[in-house]
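Since the structure comes first, as structure tokens, the remarks are kept for the end.
Both counts, for ligands and for their atoms, begin at 1 and track the order of listing. One-based numbering along the sequence shown.
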Amino acid sequence: MTQSPPDHPRLLVSLCTYNERENLPGMIREIHAVMPFAHVVVVDDNSPDGTGQLADEIAAGDARVRVLHRAGKQGLGTAILAGFRYAIEHDYELLINMDADFSHHPRHLPAMLECLSRVDVSIGSRYVAGGGVVGWNWWRHFMSRGINWYARLLLRLRTRDNSGSYRCYRVAKLRELDLTRFRAKGYAFQEEVLYRCRRIGCRFEETPIVFEDRRFGTSKINKREVYSALWVIFLLAIDSLRGVPVTLANDTKV
Ligand SMILES: Nc1nc2c(ncn2[C@@H]2O[C@H](COP(=O)(O)OP(=O)(O)OP(=O)(O)O)[C@@H](O)[C@H]2O)c(=O)[nH]1
Ligand SMILES: [Mg+2]
């Protein structure tokens, strides 16, 4: 893999994909237009539309791109965790995760990265000044606001956008976490990682982003994902109330 120039951090961008064939090439192109030094890892769950093979073809022509193939759809949370592990094992300094459907636009990358000069986790946020959402109906707004209100209350998070996956993490902090302990397999992963990061003393800052509805393809969120997310957040809140410690990678508890 090509090395980052010395004046840039060792930065990995993870793109989790399930049927994102139409979006993926443009996403990688636009990420590199903004940050040519970034390495990209695509985590594909054997997408029936051939996203994984397409990612292999892109990687064959671009040493900055890598692909992780998983056997089948295992959930967004576990896919992001695979990106965390890749960043740790390959000694990256910073990891940015983003959706591969253009809802998370690469134009926000410089601001996301700049934020890491002050904190440990930069949260791409729709719910701070300058952020927003384009193209949702009232039901999507209601669901997103509702889950954020619920997670803030139950997990005592102070940040306003806890359900989005556009984030930049300091890899040294991810290294501290025991990644085998995560409860969430799906969308509640976003709230759970903030909960665990808060418990190990991470500093957060929200970077405004404008979330746009996906360019191509269909959403993978369904009712089951929503109920499962509510349940996992509830279980984490019970852990917290019972004083269950968070276990770190070195087996200490906080
Ligand atoms: N590898 C992998 N990627 C997934 C899985 N589920 C979702 N993704 C990807 O995760 C990203 C977010 O999924 P979306 O279905 O767009 O969910 P969303 O952005 O929260 O919802 P929409 O706004 O409705 O699109 C996309 O890049 C998906 O392709 C999964 O089980 N495995
Ligand atoms: Mg999406």
Side-chain angles (χ1 to χ4, degrees), residues 12-28 30-31 40-56 58-59 65-87 95-106 108 123-127 131-148 151 161-167 182 184-193 209-230 232-233:
L12 180 69
V13 178
S14 58
L15 295 175
C16 301
T17 56
Y18 193 75
N19 289 345
E20 302 292 357
R21 195 185 165 84
E22 292 147 300
N23 293 306
L24 186 68
M27 277 298 293
I28 295 178
E30 293 197 34
I31 289 167
V40 174
V41 64
V42 178
V43 185
D44 185 71
D45 279 6
N46 199 14
S47 297
D49 75 348
T51 304
Q53 289 93 308
L54 179 61
D56 282 338
I58 298 171
V65 181
R66 285 285 182 277
V67 190
L68 298 181
H69 294 280
R70 307 199 307 166
K73 193 169 188 316
Q74 292 170 44
L76 178 58
T78 66
I80 296 176
L81 268 183
F84 282 12
R85 289 201 181 90
Y86 189 91
L95 171 70
I96 295 186
N97 181 77
M98 56 201 297
D99 290 354
D101 57 3
F102 277 102
S103 288
H104 296 159
H105 201 282
H108 300 297
I123 301 172
S125 180
R126 299 160 286 189
Y127 303 131
V133 176
V134 176
W136 273 2
N137 60 24
W138 72 269
W139 178 246
R140 285 299 303 269
H141 280 287
F142 174 76
M143 294 291 288
S144 175
R145 291 287 189 174
I147 198 122
N148 270 290
D161 193 339
N162 305 303
S163 60
S165 60
Y166 201 174
R167 308 243 175 99
F182 277 73
K185 304 270 178 274
Y187 285 74
F189 179 83
Q190 319 308 344
E191 290 86 352
E192 179 165 12
V193 71
I209 60 153
V210 176
F211 183 103
E212 293 155 39
D213 214 2
R214 57 166 51 250
R215 280 203 188 160
F216 302 103
T218 50
S219 173
K220 281 93 213 172
I221 295 186
N222 51 34
K223 273 198 192 130
R224 212 170 140 220
E225 283 281 1
V226 174
Y227 293 139
S228 148
L230 294 173
V232 169
I233 292 167

Which label fits Phe142 and Trp138: parallel for a plane angle under 30°, tilted from 30 to 60°, or perpendicular past 60°?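 The arrangement is tilted - the two ring planes meet at 30° to 60°.
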Counting non-hydrogen protein atoms only, what is the nearest one to [atom]? Give residue, atom name and distance.
{"atom": "atom 25 (O) of ligand 1", "value": "Arg214 NE, 3.3 Å"}
{"atom": "atom 8 (N) of ligand 1", "value": "Leu76 CD1, 3.9 Å"}
{"atom": "atom 26 (C) of ligand 1", "value": "Glu20 OE2, 3.3 Å"}
{"atom": "atom 9 (C) of ligand 1", "value": "Cys16 O, 3.3 Å"}
{"atom": "atom 32 (N) of ligand 1", "value": "Asp45 OD2, 2.8 Å"}
{"atom": "atom 1 (N) of ligand 1", "value": "Val43 O, 3.1 Å"}
{"atom": "atom 21 (O) of ligand 1", "value": "Ser219 OG, 3.5 Å"}
{"atom": "atom 13 (O) of ligand 1", "value": "Tyr187 OH, 3.3 Å"}

Quick check for you: to the nearest 0.5 Å, what is the distance between Thr51 atom OG1 and Glu20 atom CD? 6.5 Å
To the nearest 0.5 Å, what is the distance between CG on Asp101 and CG on Leu24? 11.0 Å
Qualifying residue, where the test is side chain to side chain donor-acceptor pair (under 3.5 Å) with Ser163 and the options are Glu191, Arg126, Arg145: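 In the set Glu191, Arg126, Arg145, the residue that makes a side chain to side chain donor-acceptor pair (under 3.5 Å) with Ser163 is Arg126.
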Intermediate values then yes/no, side chain to side chain contact (heavy atoms under 4.5 Å, CB included), His105 and Val210: CA-CA 8 Å; His105 201 282; Val210 176; over 6 Å; no
Is the cationic atom of Lys220 (NZ for Lys, CZ for Arg) positioned less than 6.0 Å from the six-membered ring centroid of Tyr18 and within 45 degrees of its normal? no
Per-atom contacts of ligand 1 with Asp101, taking only distances under 4.0 Å to non-hydrogen atoms: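 Reading through ligand 1 atom by atom, the close ones are 16 (O), 19 (O), 25 (O).
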Per-atom contacts, ligand 1 versus Ala100 - under 4.0 Å to a heavy atom: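 By the 4.0 Å cutoff, the relevant atoms are 27 (O).
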Kindly confirm or rule out an N or O of [X] lying under 3.5 angstrom from an N or O of ligand 1.
{"X": "Thr17", "result": "yes"}
{"X": "Tyr18", "result": "yes"}
{"X": "Phe211", "result": "no"}
{"X": "Arg140", "result": "yes"}
{"X": "Asp99", "result": "yes"}

His104 and Asn97: side-chain donor and acceptor closer than 3.5 Å? no
With no hydrogens and no angle check, do the side chains of Ser103 and Tyr166 hold a donor and an acceptor under 3.5 Å apart?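 The answer is no; no qualifying pair exists.
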Side chain, backbone, both or neither: the part of Lys220 lying under 4.0 Å from ligand 1 by heavy atom: both
Ligand 1 versus Ala79: contacting region, heavy-atom distance under 4.0 Å: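 Looking at Ala79 and ligand 1, just side chain atoms fall under 4.0 Å.
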Please confirm whether Phe84 and Phe182 have ring centers closer than 6.0 angstrom.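 No.
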Among the N, O or S atoms of Asp101, which one sits nearest to the Mg ion (ligand 2)? OD2
Taking 2.8 Å as the cut-off, does Asp213 contribute an N, O or S atom near the Mg ion (ligand 2), distance below it?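 Checking the Mg ion (ligand 2) against Asp213, no N, O or S atom falls under 2.8 Å.
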Are Met98 and His108 side-chain neighbours, meaning at least one heavy-atom pair lies under 4.5 Å? no
Could you walk me through whether Arg214 and Asp99 pass the side chain to side chain contact (heavy atoms under 4.5 Å, CB included) check? CA-CA 9 Å; Arg214 57 166 51 250; Asp99 290 354; over 6 Å; no
Return yes if some donor-acceptor pair links the side-chain N/O of Arg167 with the main-chain N/O of Gln190 below 3.5 Å, else return no. yes
